[in-house]
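Here is how names work: the chains are called A, B, and so on, in the same order as the sequence lines, proteins then strands, and each is numbered from 1.
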Protein chains: 2
Amino acid sequence: MKISVVRNVLDANERIALENRVIFDEKKIFVINLMSGPGAGKTSLVEKTIMALRNKFRIAVIEGDIQDTYDADRVAALGIPAVQINTGSACHLDGNMIRDAFPGLNLDEIDLLIVENVGNLVCPAEFKVGENFKAMVLSTPEGADKPAKYPLMFQESKVLIINKMDLMPYVSFDIEKAKRDALGLNKGLTIFEVSCKTGDGLQDWFEWLSAQIESFRAS
Amino acid sequence: MKISVVRNVLDANERIALENRVIFDEKKIFVINLMSGPGAGKTSLVEKTIMALRNKFRIAVIEGDIQDTYDADRVAALGIPAVQINTGSACHLDGNMIRDAFPGLNLDEIDLLIVENVGNLVCPAEFKVGENFKAMVLSTPEGADKPAKYPLMFQESKVLIINKMDLMPYVSFDIEKAKRDALGLNKGLTIFEVSCKTGDGLQDWFEWLSAQIESFRAS
């Protein structure tokens, strides 16, 4: 009984996410669903990505948080359209919440839409929002046991961005184990090692992402 | 409709948590429900607490993880009874899961039961398991915006343990803001600043916790 309710919720979400996708395709909007645990550096990555790619693509951001507009304020400070979704008690974004954000965006003027999910290594991985792909951030202080403990997000993501590489000398993070376990769950995963603080490694991410967007827009 | 289903789930859990509490009271077992985001250092805190208090109290641990027995293995390596609950896709522990773990424990030989929840700053705060109190860990790399973004866990916890103080020189963590915002949400919060790596600050936590357990056992 419980399982069938959950199944229905996921099925209903799948339909709405597909409807969102139809709109995004029509408008040629490339959409990233960006996930991580709390404090891994999603918003910092969004800021850096905006600064690197804003002259190339028209960017907008949807921020998901339980409460507060702190992240949308950070993005809006860069002069980028940002919609904050406050989920109340919901621990993830779903297709319906994204659809509800559409009136706050001019969909005719967006090339890249970054959806920054609620900080949570579990639930967001279960829900599509109409994205081209899911990307996840794992930060070095979180530890190398995360792929084994939270496998679904690693399985569902196309990209794993390992952030806070600048802290490597001060934390005991077995990066080879983390990468090996992540690739064991999902051999198609593309991995970047970056520091949003120092900027190290970000150029590769910017170039890879640009190529993905250009290939989508050319198709 | 959706709200009433969620309400029923929470009500049902409340009843089961109360039943657990009756058993814990009868057996004089002090129970901590330990919560945090992924990788904040819950298991390290559990290990340090075991080593400090094992000669004073009989300790057992219930470990909650989506998958994997890594944390229970770490605790069992210390010679402490440990039960691993794998929640599958569930992002939190509830009263029923704890009850299901009872056959794996000898309840007549436990003074302190530490329930280490799934790493998640959102959902575990909504569910009682029969604990004396909830405690949460926030680590310095996660950032000082966490109380504002994830208020419920700060509101529901009796204790906030700020961990990874050894990383303070390398991260931009406004600890005064974090404490101010946390106390703004919950003025009864007791706060400890610790490093499970260096041991700094842990003695205060051990002494405070011992006093709590002794006062419960004397009542």
Side-chain angles (χ1 to χ4, degrees), chain A residues 2-3 5-6 9-10 36-41 43-44 63-71 73-74 86-92 118-126 138-153 163-164 166-173 181 185 197, chain B residues 2-3 5-6 9-10 36-41 43-44 63-71 73-74 86-92 118-126 138-153 163-164 166-173 181 185 197:
Chain A
K2 191 179 167 198
I3 288 164
V5 171
V6 171
V9 169
L10 288 174
S36 80
T43 313
S44 296
E63 291 287 348
D65 280 296
I66 305 289
Q67 200 170 300
D68 199 72
T69 62
Y70 185 71
D71 288 347
D73 294 345
R74 281 172 67 179
N86 280 147
T87 61
S89 64
C91 53
H92 60 271
V118 178
N120 179 342
L121 219 39
V122 187
C123 318
E126 292 192 53
L138 177 70
S139 62
T140 58
E142 291 174 72
D145 55 349
K146 296 300 163 292
K149 284 186 178 174
Y150 303 88
L152 186 66
M153 193 168 289
N163 188 27
K164 306 194 188 179
D166 54 289
L167 293 179
M168 278 297 275
Y170 315 112
V171 296
S172 48
F173 181 69
D181 287 0
L185 290 164
K197 192 172 180 181
Chain B
K2 191 181 167 194
I3 288 164
V5 170
V6 171
V9 169
L10 288 173
S36 80
T43 313
S44 295
E63 291 287 349
D65 280 297
I66 305 288
Q67 201 169 301
D68 200 71
T69 62
Y70 184 72
D71 289 346
D73 293 344
R74 282 172 66 179
N86 281 147
T87 61
S89 64
C91 53
H92 60 272
V118 178
N120 179 342
L121 219 39
V122 187
C123 318
E126 291 193 54
L138 177 70
S139 63
T140 58
E142 292 174 72
D145 56 348
K146 295 300 163 291
K149 284 186 179 172
Y150 303 88
L152 187 66
M153 194 168 287
N163 188 27
K164 305 195 188 179
D166 54 289
L167 293 178
M168 279 296 275
Y170 316 112
V171 297
S172 48
F173 180 69
D181 287 359
L185 290 163
K197 193 172 179 182

Taking the side chain as everything from C-beta on, heavy atoms only, tell me whether [X] gets closer than 4.5 Å to [Y].
X: B/D68; Y: A/Y150; result: no
X: A/D71; Y: B/K149; result: yes
X: B/C123; Y: A/S89; result: no

Can you tell which of B/A148, B/S36, B/S139 has the highest number of heavy-atom pairs within less than 4.5 Å of chain A?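 Looking at each of B/A148, B/S36, B/S139 in turn, B/A148 comes out on top.
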By a 4.5 Å heavy-atom criterion (distance strictly below it), what part of [X] contacts chain A: side chain, backbone, both, or neither?
X: B/Y170; value: both
X: B/P151; value: side chain
X: B/L152; value: neither

Rounded to the nearest 0.5 Å, how far apart are [atom1] of [X] and [atom2] of [Y]?
X: A/L121; Y: B/I66; atom1: CG; atom2: CD1; result: 8.5 Å
X: B/K164; Y: A/L167; atom1: NZ; atom2: CG; result: 9.5 Å
X: B/C91; Y: A/N120; atom1: SG; atom2: CG; result: 6.5 Å

Heavy-atom pairs under 4.5 Å with chain B: which of A/P141, A/G37, A/S172, A/P169 has the most?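 Of the options given, most contacts go to A/P141.
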